[in-house]
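Just so we're on the same page: letters track the sequence lines, and every chain starts at 1. Not measured: the values here are computed from a predicted model.
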Number of protein chains: 2
Amino acid sequence: MKMDAITIKDIAKALGLSASTVSRALRDSHEIGADTKKKIREYAQTYNYRPNQAALSLRKGKSKSIGIVISNIANNYFSQVIDGVESVANKKGYNLIITQSKDSAEREKMILHDLSARSIDGLIVSLAAETTDYSVFEELNNMGVAIVFIDRIADTIETHKVVADNFAGGYEAVQHLAGNGFKKIALIANNKNLSISRERIQGCVKAFQELGLEQHKDWIRFCAAGGADQDEIENVVTTLLSMKNRPDAILTLSDTLSLKTLRILKSKKIAIPRQMGLMGFSNFNNADLLNPALSVIYQPTFEMGALAAKLLVSEIESKRPIAKFEKHILKTRIFTRKSSAAAKA
Amino acid sequence: MKMDAITIKDIAKALGLSASTVSRALRDSHEIGADTKKKIREYAQTYNYRPNQAALSLRKGKSKSIGIVISNIANNYFSQVIDGVESVANKKGYNLIITQSKDSAEREKMILHDLSARSIDGLIVSLAAETTDYSVFEELNNMGVAIVFIDRIADTIETHKVVADNFAGGYEAVQHLAGNGFKKIALIANNKNLSISRERIQGCVKAFQELGLEQHKDWIRFCAAGGADQDEIENVVTTLLSMKNRPDAILTLSDTLSLKTLRILKSKKIAIPRQMGLMGFSNFNNADLLNPALSVIYQPTFEMGALAAKLLVSEIESKRPIAKFEKHILKTRIFTRKSSAAAKA
DNA sequence: TTGTAGGCGTTATCAG
DNA sequence: CTGATAACGCCTACAA
C-alpha cells in the first residue's frame, strides 16, 4: 500500500529528535516542551503522518476494530442493524469488519475463528439458522473476546444481549388478527433453532390460549432455510392452503418469510385479506406501499444495532471484567393495514 | 482479547525448537524435516494456533483486508453490492471493512484517511453525493493504495471502474415509456455531482431527441440529498404536478427516489399510471408486489460488487503496477409493469 | 524534558 | 535441515 508512509522514525530523524520524544509529542504528552511539541506536530501535520495501525495493534493487543457476524448483509433487517452498529463504532473510533454466515453453522465457525485471530477487540453476533452448537462462543468467551449477541441469541452464553420483544410482538399480532375476526391463525416461522422463532411462537401461543383460539399443530410450520429456499416456503404455504381445516390467516415470523408469503399467495390468486389474512414480522419500510398494504410487526433495528455496539465498546474499554451481563429487550411496533383488515360487516 | 493466544514462540519453546523452524514448518516449507514438521503441526493443531494478523500486517505491509466506502449500508442497492464484494473477498481470504459516507464529502475524506492508515490493501469506493473534489483519490493513488470505483465513479481518477450501463438504462426506460404513450416525461435525478445522474440523464435525453419527445428544462429535477431529505423530493414532485404544462410520466433515476416518489404520488391520490406514469431505477426485489406494480430498471448489483472485488484483489496481488485500467459496464435489465402501462385504448 | 532499550509476533537473511 | 538475528512501527519503562 502506502509506499512512502511517513513514520515516527522519519519525523525523529528529520527533526533530530528521538522516536520516543516524537511519539510522546504526537500523543500530546504533558512531559514535552511546548516548542518541541509544536514543531513535531506541525511537521507531522504537513507530512500527513498517520500512525500505523498494524504496529499499534501488535503493540497494544487491541485493534480498534469490531467484527460483526450476521447471516446475510443483503437483508433489509440486518443492513439496518449494521447501520446502527456503524453509527456508534464510527463515533467511538472503531472499524467494522463485516462477515456473513449465510446461515451456515460451518461457515459461521470458520468466520469466528478467522476473526478472533484478526486482533479483533470484540464481536457482534446474530446466529446462523443452522447453529445448534454454541461451544465456539464458550471458547471465544474464555479467550477473553468480548461478544454481544443481537436478535438471534444463544441464551446459555454469558454475554450482553440485545433483542426485540419477540414474545410481545407475536402476542400483539395475534391479538390484532383475532380482533379483526381471524380465528384460525397459522404461523410460518424461521428455523426452529433460532431464539427468535421460539420466542415469537411462544408469544402467539400465549395469545391463542388467552383468547381461546383454535390451535392445531399443523398450523405452526418452520422454514429451516428461513425463506432462502423457495421450494421450502412454497410447500409450506401450499400445504396450509390445501388443508381441510384451513387457516383463515397467516402470521409470518420473519422478514423474508413475510414478503415471500405475500408473493406466493398473490401468485395463487388468493385474495388478501378476504380469503386469507396476512401479517408478518418485517422491517421493510415501505410495507404500506405493497398490494395489499402489509400489516407488520416492526423492530427498532437501528437502535438495536447502536445499543449492541455501545455495550460492546463499553465492555471492551472497561477496566475490569463485566460482573453481570444485561439482556436488553426493545419494544416492537405494530402497524395494522389492509392485509389483516376485518371483513366488511 | 485473547489472553492466552498461543504464538510461534510458545510452540518453539514447548518443542525445544527455534521460532524460525516453527514458522517454516507452519508455512509448509520444504526445507524442514518431515518428522519435525509433523510434530510442529500437530502441536499447533491441538493448541489451536492462529497466526497473529497484526504481526503479519506489520511484517508484510499487507493486511489481507479491503475497505469499502459507500454512502449508506441500509440501502437496498448498496447492501446487494456488498454481498457481492463479500462473496469474493471471503473466497480470497480478505476481510471487509465497511464504512458509510452518508453522502458527506467531509466524512468521506475522513474515512478515506483513516482507512488508508489501517494497513488496508485496497479500497472499493462509491462516491458520496456531495463530493466534487477528487484530490483525496489522487493522493491515495500516489500512495499506492489500490482503488476500484463502483457505480458512482470519478472519471478522472486512474483506477478500475465498475458501473451499470446507466446510459442504456435511461435510454431504454424512455423508449418503453414513449412506446406506452407517455410523451411528456419528467426526470427526477439524484445529486448533480454524481456520474450516475449525468449518465442516466444523457441516455434519457438521447431517447427524447431520437423520438422527438417534448423536452423542458424544468422537467429535469435534481435531489441533492438523493431522497434522504423528505422535503426536497416532496417539493420536486409537487412542483412537477402543479405545472401548467404537466408531465404525464415521471422517471426516477435512483433507488430511493423511486419508492419515495411512489409514496408521494399515492399520498396525493394521483392515479398511477392513469394520471401519471411512473418508472424508476430500482433494485428492490419485490417491486412487482407494490401497488401499483412498479416498472424498474434493475442493475446486476451482486455481480458488480463481485467484479469490483475481483479486480481489486488481482490488482493488489499483481506483481507489477497495472498498465491500463478497465472500465466495466454491466447491462441493466428492464421490468415493465403496471405503473407504466399504456392507457386502455 | 528528552533519550535508550527492549518487545509485541512474524518472517527473511544469513550462518552453521 | 535448523538456528540466531534483525526488522516491520510503535509504545513504555527506565535512564539521564
Round to a whole Å and report the spacing from [atom1] of [X] to [atom2] of [N].
| X | N | atom1 | atom2 | result |
| --- | --- | --- | --- | --- |
| Tyr49(B) | dT11(C) | OH | C1' | 10 Å |
| Gln53(B) | dT10(C) | CD | C1' | 11 Å |
| Lys62(B) | dT11(C) | NZ | P | 15 Å |
| Lys60(A) | dG9(D) | NZ | P | 18 Å |
| Ile6(B) | dC8(C) | CD1 | C1' | 17 Å |
| Arg118(A) | dG9(C) | CZ | P | 18 Å |
| Arg50(B) | dT10(C) | CZ | P | 13 Å |
| Ile11(A) | dG9(D) | CD1 | C1' | 12 Å |

### Query
Does CD belonging to Glu106(B) count more than 12 external heavy atoms closer than 6.0 Å?
no
Select one nucleotide: of [options], the one nearest the side-chain heavy atoms of [X].
| X | options | value |
| --- | --- | --- |
| Ser20(B) | dA4(D), dG9(C), dT2(C) | dA4(D) |
| Arg59(A) | dT10(C), dG3(D), dG9(D) | dG9(D) |
| Thr7(B) | dG9(C), dC10(D), dC11(D) | dG9(C) |
| Lys9(B) | dC10(D), dT4(C), dC8(C) | dC8(C) |
| Arg24(A) | dG9(C), dC14(D), dC11(D) | dC14(D) |

Classify the side-chain pair [X]/[Y] by whether it contains a donor and acceptor separated by less than 3.5 Å.
| X | Y | value |
| --- | --- | --- |
| Tyr77(A) | Asp151(A) | yes |
| His113(B) | Glu139(B) | yes |
| Gln100(A) | Asp83(B) | yes |

### Message
Strictly below 4.0 Å, N to O, side chains only: are Asp114(A) and Arg50(B) in salt-bridge contact?
### Response
no
### Query
Which residue lies toward the 5' end of DNA chain D, Ala55(B) or Thr21(B), if each is placed at its nearest nucleotide?
Thr21(B)
#### Entry: Toward the 5' end of DNA chain D, by each residue's nearest nucleotide, Leu58(B) or Ala34(B)
Ala34(B)
### Query
Checking all strands, does Thr36(B) fall into the base, sugar-phosphate, or nothing category for heavy-atom contacts under 4.0 angstrom?
sugar-phosphate
### Query
Within the structure, does a side-chain N or O atom of Ser23(A) lie under 4.0 Å from either OP1 or OP2 of dC11(D)?
yes
